[in-house]
Amino acid sequence: MADFLDVLTSHVSKSVSEGVADGGDESVAGRSDARALLTRVAFESLADGLSDDRVASMLRVVGWDGDVPCFAIAGRPAVNAAATMQAVNQAVADLGGESPVCGVRDGVVAAVIRIEAAVRPEVVCTAVSPAFAGGTGKVTDDDAVDGATVSDENAVAPSPLCLGPVRHGVAGAAATLGAALTTLQAAPALASGSLAGDGTGVTGARTARPVRGVTLLRAEDALPERALLGDPDARRELVDVVYGSLAGTNPDDPTMLTVSTFLASGGSLETTARTLNVHPNTVRYRLKRAADSTGWDATDPREAYVLTTAIALGRMHAA
């Protein structure tokens, strides 16, 4: 595999940068085909979590270089995968950007997009949302690969357009793409009724909102579910950021003890206060301070689940 990637990158790099001597239509078509092939391989590599030097070389050939900021989107196509990828490429170009790395994984269209010019996560999501299936979420025969077909039994429930976090460089591209894809996988666990375009079908999602009839779901809204699916970026966020904020650097800080006791008590202020031998108002104050530092409120059922997961993962990591 490594040798194949090296040969492919070298070959496509020559085709893209040099072309043929006459520079005619055939040359342009050849360079375009070579670039498309390399983009497809780069997408598959990033989707598999690869971010080594060979992947970096492929991205450089298609216009990515250095520690560039990027984000990813993922969703089911409204009509077919080809039309959705074309819409993503066009939207990025219209906003002054270039070279999004698009691909299809299990009927899902996903893209890693550089932040440049007017290309920003929310702006892009608004621009491309009509190309994604917020209403039916059905996978059509055009989404299948290698000649396979999709039967009505394989139609899926309405699904959101998922937005990965902003990350940097090749490793960041792999992380945000993985986050967007696992957020879409996690969406059924967040669904209440259906993921309707009114934004009310996502239980406990703090930032989910309708965008042109499609529910936009951010990766941060599915941290526990993504962690359960094995997303390393979600685990790092829960352990390093959420658990780390609770634990702090002062061993005498009562924040972790208060939050964990409150969660273990089923969210009872009185039980927590008795267990810690403090006044309930002291518990309230500490919980508010914890919410301010972590961004997650232990008194909210959904956010309590995020904190519970973070504490469990953090303790296992510390051990």
Which heavy atom of P165 sits nearest a heavy atom of A179, and at what distance? CD-CB, 3.5 Å
Are the side chain of T271 and the backbone of S265 linked by a donor-acceptor contact shorter than 3.5 Å? no
Look only at the side chain of N250 and the backbone of D252, and say whether a donor-acceptor pair between them is shorter than 3.5 Å. yes
CG of L216 to OG1 of T126: how many Å apart, nearest 0.5 Å? 7.5 Å
Are V55 and D52 side-chain neighbours, meaning at least one heavy-atom pair lies under 4.5 Å? yes
Say whether V259 and L257 are linked into one hydrophobic cluster, either directly or through other cluster members, by side-chain heavy-atom distances under 4.5 angstrom. yes
If we ignore angles and hydrogens, is there a donor and acceptor under 3.5 Å between the side chains of T272 and T261? no
Is R236 salt-bridged to D233, cutoff N-O under 4.0 Å? yes
How about S268 and F262: do any of their side-chain heavy atoms sit closer than 4.5 Å? no
Check whether any side-chain heavy atom of W64 sits under 4.5 Å from a side-chain heavy atom of V101, and report yes or no. yes
Show your reasoning for whether salt bridge (charged side-chain N to carboxylate O under 4.0 Å, His left out) applies to D253 and R289. CA-CA 11 Å; D253 188 333; R289 190 175 63 179; 3.5 Å; yes
Co-membership, hydrophobic cluster, residues Y285 and L287, 4.5 Å side-chain: no
Joint hydrophobic cluster, M316 plus L228, side-chain heavy atoms closer than 4.5 Å: no
Would you indicate whether the side-chain heavy atoms of T215 and L161 approach each other to under 4.5 Å? no
Would a 4.5 Å heavy-atom cut-off, applied to side chains only, mark Y243 and R315 as touching? yes
Report the distance from atom OG of S260 to atom CD1 of I311, rounding to the nearest 0.5 Å. 5.5 Å
Okay, side chain of T39, backbone of R35: is any donor-acceptor separation there less than 3.5 Å? yes
Is there side-chain contact between C125 and I73, with at least one heavy-atom pair below 4.5 Å? yes
Step by step, work out the salt bridge (charged side-chain N to carboxylate O under 4.0 Å, His left out) result for R302 and D297. CA-CA 9 Å; R302 168 63 187 178; D297 185 355; over 6 Å; no
Under 3.5 Å side-chain donor-acceptor pair for R286 and T258: yes
Does the pair R235/D231 count as a salt bridge with the N-to-O cut at 4.0 Å? no
Check whether W296 reaches the backbone of Y305 with its side chain - one donor and one acceptor, N or O, closer than 3.5 Å. no
Would a distance-only check, ignoring hydrogens and angles, find a side-chain to backbone donor-acceptor pair under 3.5 Å from T176 to A173? no
Could you tell me which non-hydrogen atom of G169 sits nearest to which non-hydrogen atom of D67, and how far apart they are? N-OD1, 3.4 Å
Evaluate the side-chain proximity of F132 to V108: yes if any heavy-atom separation is below 4.5 Å, no if none is. no
Quick check on N281: does its CG atom have over 12 non-hydrogen neighbours (other residues, nucleotides or ligands) under 6.0 Å away? yes
Working to the nearest 0.5 angstrom, can you tell me the gap between C102 SG and Q86 CD? 11.0 Å
Return yes if some donor-acceptor pair links the side-chain N/O of R54 with the main-chain N/O of S51 below 3.5 Å, else return no. no
What do you reckon, is CG of D48 surrounded by more than 12 foreign heavy atoms closer than 6.0 Å? yes
Point-to-point distance, once rounded to the nearest 0.5 Å, from CG of L223 to CD of E303: 11.0 Å
N89 (side chain) donor-acceptor with M85 (main chain) under 3.5 angstrom: yes
Are V242 and L229 grouped together when hydrophobic residues (ILVMFWY) are joined by side-chain heavy atoms under 4.5 angstrom apart? no
Under the criterion salt bridge (charged side-chain N to carboxylate O under 4.0 Å, His left out), I'd like the reasoning laid out for R114 against E98: C-alpha separation, chi angles, the key distance, then a yes or no. CA-CA 8 Å; R114 289 184 298 174; E98 60 181 38; 3.7 Å; yes
Which pair of non-hydrogen atoms, one from L50 and one from A174, has the smallest distance, and what is that distance? O-CB, 4.0 Å
E237 and R226 ion-paired at < 4.0 Å: no
From L276 atom CG to H279 atom NE2, the distance as rounded to the nearest 0.5 Å: 13.5 Å
Any chance you could measure L95, atom CG, to I115, atom CD1, to the nearest 0.5 Å? 12.5 Å
L246 with V241, same ILVMFWY side-chain cluster at under 4.5 Å: no
T255 (side chain) donor-acceptor with A290 (main chain) under 3.5 angstrom: no
State, yes or no, whether a side-chain contact exists between T183 and L163 at a heavy-atom distance under 4.5 Å. no
